[in-house]
Amino acid sequence: MLDQIHLLAAVTVLGVLEQAYFFLQVIYARRVFGISPPKISGPPEFERIFRAQVNSSEYFPVFLALLWQAGLFFHQGLAAALGLLYLYARYSYFMGYKASSSERLAPIYFSSGVLWILLAASALGILHFFLSHYVRLNILQILTA
């Protein structure tokens with residue numbers, strides 16, 4: 001069983017570490033700009049860091065759900081590779097947004113594209129499971145025949 005999920009688990013841990021890094025960046029920015037919680041406004045430099053972290057946190061549950069569904073129902077290796085691409089895109093998004101609001105656009109579009117691919121892989125994998133398990137229709141067998 002573990003050999004079927006180890007890549008997904010590794011990407012999940014990397015994702016959690018990335019989220020922790022983003023949280024720490026907000027804490028550091030709060031100290032630099034003198035912004036105490038619960039305030040969320042301040043200089044544009046702080047607000048960009050704060051928004052990048054919040055936005056990344058908002059998407060993280062969606063990413064995790066799609067990563068695991070695609071990995072369990074479609075293909076672990078593909079899902080893990082897409083997961084790494086997503087994490088890289090999110091890091092690029094965070095660093096770009098930190099520098100300038102316009103620098104966030106390309107990475108956010110790329111990360112959204114990766115999520116759509118994970119969604120498609122998840123849906124195809126789940127559909128295949130339902131068809132083969134409940135209808136006894138194996139699409140892969142039909143396509144390769």
Which pairs, with at least one residue in residues 111-121 and sequence neighbours excluded, count as a side chain to side chain donor-acceptor pair (under 3.5 Å)? none
The complete set of side chain to side chain donor-acceptor pair (under 3.5 Å) pairs with one or both residues in residues 119-130, sequence neighbours excluded, reads His128-Asn138
Which residues pass the side chain to side chain donor-acceptor pair (under 3.5 Å) test with Ser36, not counting sequence neighbours? none
State, to 0.1 Å, how close [X] and [Y] come at their nearest heavy-atom pair, and which atoms those are.
X	Y	answer
Val11	Leu87	O-CD1, 3.7 Å
Leu115	Phe63	CD2-CA, 3.8 Å
Ser57	Phe23	OG-CE2, 3.4 Å
Leu78	His75	N-ND1, 3.1 Å
Pro43	Ile35	CD-CD1, 3.7 Å

What orientation do His133 and Phe129 show, parallel under 30°, tilted 30 to 60°, or perpendicular over 60°? parallel
Return the orientation label for the Phe22 and Tyr91 ring planes: parallel under 30°, perpendicular over 60°, tilted otherwise. parallel
For [X], is the [atom1] atom crowded, meaning more than 12 foreign heavy atoms sit under 6.0 Å from it?
X	atom1	answer
Tyr59	OH	no
Leu24	CG	yes
Phe60	CZ	yes

Run the numbers on Ser56 and Gln19 for side-chain hydrogen bond (donor to acceptor under 3.5 Å, both in side chains), then give the verdict. CA-CA 8 Å; Ser56 295; Gln19 289 296 307; 4.9 Å; no
Any chance you could measure Gln76, atom CD, to Leu8, atom CG, to the nearest 0.5 Å? 4.5 Å
Donor-acceptor contact present, side-chain [X] to main-chain [Y], <3.5 Å:
X	Y	result
Glu103	Phe94	no
Glu47	Gly42	yes
Arg104	Tyr93	no

Could you check Phe74 against Gln69 for side chain to side chain contact (heavy atoms under 4.5 Å, CB included), going step by step and ending with a plain yes or no? CA-CA 8 Å; Phe74 193 80; Gln69 288 175 33; over 6 Å; no
